[in-house]
Each structure stands twice: as C-alpha cells, then as structure tokens.
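In what follows, a single structure is set out as structure tokens and then discussed.
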Amino acid sequence: MNNDNQTPWQQIDFTLLFFVFLLMCISTVAIYSAQASLPGELKNFNFAGRQLTWYFVGTFVLSLTLVIDFDRFRQLSWYLYGFGILLLILLAVSPEFIGSYQIAPIRNGAKSWFVLPGLGSVQPSEFMKIFLIITIASASVSHHEKHPTKTIQTDLILLAKIFGIAAAPLLIVMAQPDLGTAMVFTAIVVSITLVSGVRWRLLSLLSLIGVAGVSALVFIFFKFPAFFKAYLLDEYQLARFYGWLAPEEYADAGYQATKAILAIGSGKLEGKGYADGTVYFPEAHTDFIFAVIGEEFGFIGASITISIFFMLIYRMIHTALESNESFGSYLCAGVIGMLTFQVFQNIGMTIRILPITGIPLPFVSYGGSALLTYMIAVGLVLNVRSRTKTYMFE
C-alpha cells in the first residue's frame, strides 16, 4: 500500500480544486459584467462581490466536509434526510408574509426560498439534494450488506427503497411547484440506481417504461394541453414550454430564451469583449449567465467553460471508479449525476434546445444556497478520494 502513511490532507485532489477555482474566476467575471445591465437598484448591488463571499464561505464548508470521514455521513444519513424534509415542509406551510416582512415569497411562480433578515434568501431544496445523495447511497450499501446474494426480488426491494426515499422530497418540491429541482432529484436517483448493482435487464425494462411514460406525456401535452394545465403543470410552466416550442407566437414566455440565443449568436467566435455586451435579457447573472459568457467571450469562451466542466466531471468519475468502498462510489455517482444534469439542462435551455426550468449553471450562476451545495458536493468527492487506499499489487 503506497499511501497508507499519508493523511487525507496529503491526498487531496488539487486538480479537481483547480477546476473549481477556474469556474470561480469565470463566475466572478461574468457576474460582474452582467450586473451592469440589470434594471433599477439591482444595478448598484455588488453581486460579484457577494458571489466571492459565498465562495469563501463555501471553501470553509468544503474543508469541513473533507475533515469528516465520509462513513460518518452514512451514520447521519437519516438524520440529515429528516432535517431536509422538515425544512421543505416548513417552507410549504410558512406564510408568504409575517406582518410586513416576506418570509417565504413566491418568485417565478414557485415558493422555494426562506428570506432571513441580514442573510438573504435560503433555498432548502438545494441542501436536500446533498441529503438525498447521502441517504440513497447509505440505503443502497445497507441493502447489499443485508442481501449479499442478488436476485430479482432483492433488486426490486432495492429499487423500492430508492424510489421510496426520493418520493417525499419529490412530491414536496412538485407542490411548490419547482419542476427544475424535481428534475435534479430525478437525475440523482437515476445516477445512483445505475451503479447500485441492480440487474441491467431490470434497468432496461424500467428504461422502456420510462420512455413510454415520457412519450405518453408528450402526446397528452400536444393533444390535451388542458389536462396538463389542470393536473400537472401550472400556467407559467406551460407558458415556458410554449415559449420554447414557439417563441415567435408566445413572445412573452419565450422572451428570455430568444434574447439569450441572440446574445450568444452575436458573440460569434471571439465575443464582443469584456463588459461590452449589448443584448439585454432578464436573470443574466443567474440562470442565463452562460449567455453572458457566449456574448462577451464568444464561441472560444463558451467552449473553454464547457471544457472545464467536462474535466471537472471526468475527475469525479475517476474518483468514483477508484474508490474501495461502495458508499464512496455511490456518493460520487450522485454528485456526478446532479452536476452533469444541471450543466446540460442550463446550457441547453440557454441555447434553446431545452425548455426553461430555472436551473442555475453550477459554480457560475449567482446564488448562495446553490453554491454552498456544489461546494459540499465537491467536498464529498474529495473526501472519498482522500480516503481511498491504493495498493502496489492489485
């Protein structure tokens, strides 16, 4: 064993941290540029400075996550899960106003934030993503310890456990309604399920059922939109889909996507230059930060950003494959699924190949709760990497 005498701090994956540092630089530059085009008083708010502050806080949280042995997270998994569910329930039942103060406002059609005096807004569903990863990973490992011999029956029991754990937070965020977060929860469940040891024949069957279900929903969406409006999606969510499919006919709903693709296209190869963006679109510093990068730094800047994400996720995959413990591999798989889906969805909606869902670009979009979540996720992966033993003779 060639790293047995090294401490976890000596085994930190500094390459992974370097990619996070690069994304921090991109985030700060893009947000600083974007805030100049914000309307009203928002223009004078230092979002870039606030983002850097959240990065410093996130670095502390990442270090704390790294110090704790990841096996401890397994022991605390159900407590963390219960705490996350409690926060989501409190958010659901909290009044929008207490006196003259907004405590749980409805923004963009969703009730997803607590507003705390002096601290800004906190989104419990972001932290629930981490709690969900830890709990599903822990339940999967415990299942395999209890059922060392795999059969169809044990696989079905494991799937029931995974889906049962995910059901409560999924139903709560859907009721907010927060479709974007629900989709991220689903991505986490799918990513861990794929590596959980369930037979591929059973997974293939579930995939076919899933494809059939999505196809049925698409058919109903186009043929019976009133059903969607009445039972599945709110009116503003339907408007986002229509704005994506027919932005010319639904100009209001498709305004953001139309402006974003115009900004990216006008950036061409090298971009217009830093702080020289001329296309205005709402939420430029949050959900549509990639459009700012594309407009000001062009195809080259956008490609570099995507490449950094690719290398970041590649390093995480490498850690997952090298881990000696199933729990560590499952943790990495959940983090990889969460980040990969969010990057794909955010960039996809920005270039109008996917509908707008309000999912931020990890590490780059402005947002304290989301950024802390990503830093904790990186801390978990680094934790797994630093405690993975390598052997001279395999």
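Judged by distance alone, with hydrogens and angles left aside, the side-chain atoms of Ser63 form a donor-acceptor pair with the main-chain N or O of Thr59 at under 3.5 Å. Using a distance-only test at 3.5 Å, with no hydrogens or angles considered, a donor-acceptor pair links the side chain of Ser365 to the main chain of Thr286. With hydrogens and angles disregarded, no donor-acceptor distance shorter than 3.5 Å links the side chain of Ser27 to the backbone of Leu23. Of the possible donor and acceptor atoms, none in the side chain of Ser77 sits under 3.5 Å from a partner among the backbone N and O of Ser138. Remark: the backbone N or O of Ser386 is not paired with any side-chain donor or acceptor of Asp13 at under 3.5 angstrom. Remark: the backbone N or O of Asp287 is paired with a side-chain donor or acceptor of Asn346 at under 3.5 angstrom. A donor-acceptor distance shorter than 3.5 angstrom exists from the side chain of Ser266 to the backbone of Ala263, with no hydrogens or angles considered. Distance alone, capped at 3.5 Å, is enough to place a donor-acceptor pair between the His143 side chain and the Thr154 backbone. One N or O on the side chain of Asp155 and one on the backbone of Arg199 form a donor-acceptor pair closer than 3.5 Å. A side-chain donor-acceptor contact under 3.5 Å links Lys150 to the backbone of Gly197.
By the rule that hydrophobic residues join a cluster once side-chain heavy atoms approach within less than 4.5 Å of another member, Leu86 and Ile134 end up as members of one cluster. No continuous path of ILVMFWY side-chain contacts below 4.5 Å connects Ile157 to Trp78, so the two sit in separate hydrophobic clusters. When the side chains of ILVMFWY residues are joined at heavy-atom separations under 4.5 Å, either directly or via intervening members, Met375 and Phe18 end up in a single hydrophobic cluster.
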### Query
Should Leu80 and Phe127 be marked as a side-chain contact (heavy atoms from CB on, under 4.5 Å) after you check the CA-CA gap, both sets of side-chain angles, and the distance that decides it?
CA-CA 10 Å; Leu80 295 173; Phe127 301 109; over 6 Å; no
TODO: List the steps and the verdict of side-chain contact (heavy atoms from CB on, under 4.5 Å) for Val184 and Gln342.
DONE: CA-CA 7 Å; Val184 177; Gln342 292 196 212; 3.6 Å; yes
Practice item. Evaluate the criterion side-chain contact (heavy atoms from CB on, under 4.5 Å) for residue pair Leu158 and Ser140; output intermediate values, then yes/no. Key: CA-CA 7 Å; Leu158 176 57; Ser140 300; 4.0 Å; yes
**Message:** Checking Ser142 against Arg74 for the side chain to side chain donor-acceptor pair (under 3.5 Å) test, could you report, in this order, the C-alpha distance in whole Å, the side-chain angles of both residues, the deciding distance, and whether it holds?
**Reply:** CA-CA 10 Å; Ser142 298; Arg74 182 183 173 187; 3.2 Å; yes
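Atom CZ of Phe341 sits in a crowded spot, with more than 12 heavy atoms from other residues, nucleotides or ligands closer than 6.0 Å. Surrounding CZ of Phe163 are more than 12 heavy atoms belonging to other residues, nucleotides or ligands, all under 6.0 Å away. The neighbour count for His318 NE2, taken as heavy atoms of other residues, nucleotides or ligands under 6.0 Å away, does not exceed 12. In this structure, Arg72 places its CZ atom where only 12 or fewer heavy-atom neighbours from other residues, nucleotides or ligands lie under 6.0 Å away. At most 12 heavy atoms of other shown residues, nucleotides or ligands fall within 6.0 angstrom of atom CD in Gln153. For OH of Tyr274, the number of neighbouring non-hydrogen atoms (other residues, nucleotides, ligands) closer than 6.0 Å is greater than 12.
Side chains of Gln51 and Thr28: a donor-acceptor N/O pair is absent below 3.5 angstrom, by distance only. No side-chain donor-acceptor contact under 3.5 Å links Ser323 and Glu325. Under 3.5 Å, the side chains of Tyr366 and Gln35 contain no donor-acceptor pair of N or O atoms.
For the atom pair CZ of Phe60 and CG of Leu64, the computed distance is 5.5 Å after rounding to the nearest 0.5 Å. Put simply, OG on Ser329 and CG on Leu321 are 7.5 Å apart, with the number rounded to the nearest 0.5 Å. Once rounded to the nearest 0.5 Å, the distance linking CG of Leu156 with OG1 of Thr151 reads 8.0 Å.
Using a 4.0 Å cut-off between charged side-chain N and carboxylate O, Asp69 and Arg387 make a salt bridge.
By the 4.5 Å heavy-atom criterion applied to side chains, Ile304 and Ile293 are not counted as neighbours. Using a 4.5 Å cut-off on side-chain heavy atoms (C-beta onward), Phe185 and Leu132 make contact. Between Phe309 and Ile306 there is no side-chain heavy-atom pair separated by less than 4.5 Å.
Checked against the 6.0 Å centroid criterion, the rings of Phe363 and Tyr374 qualify as a close aromatic pair.
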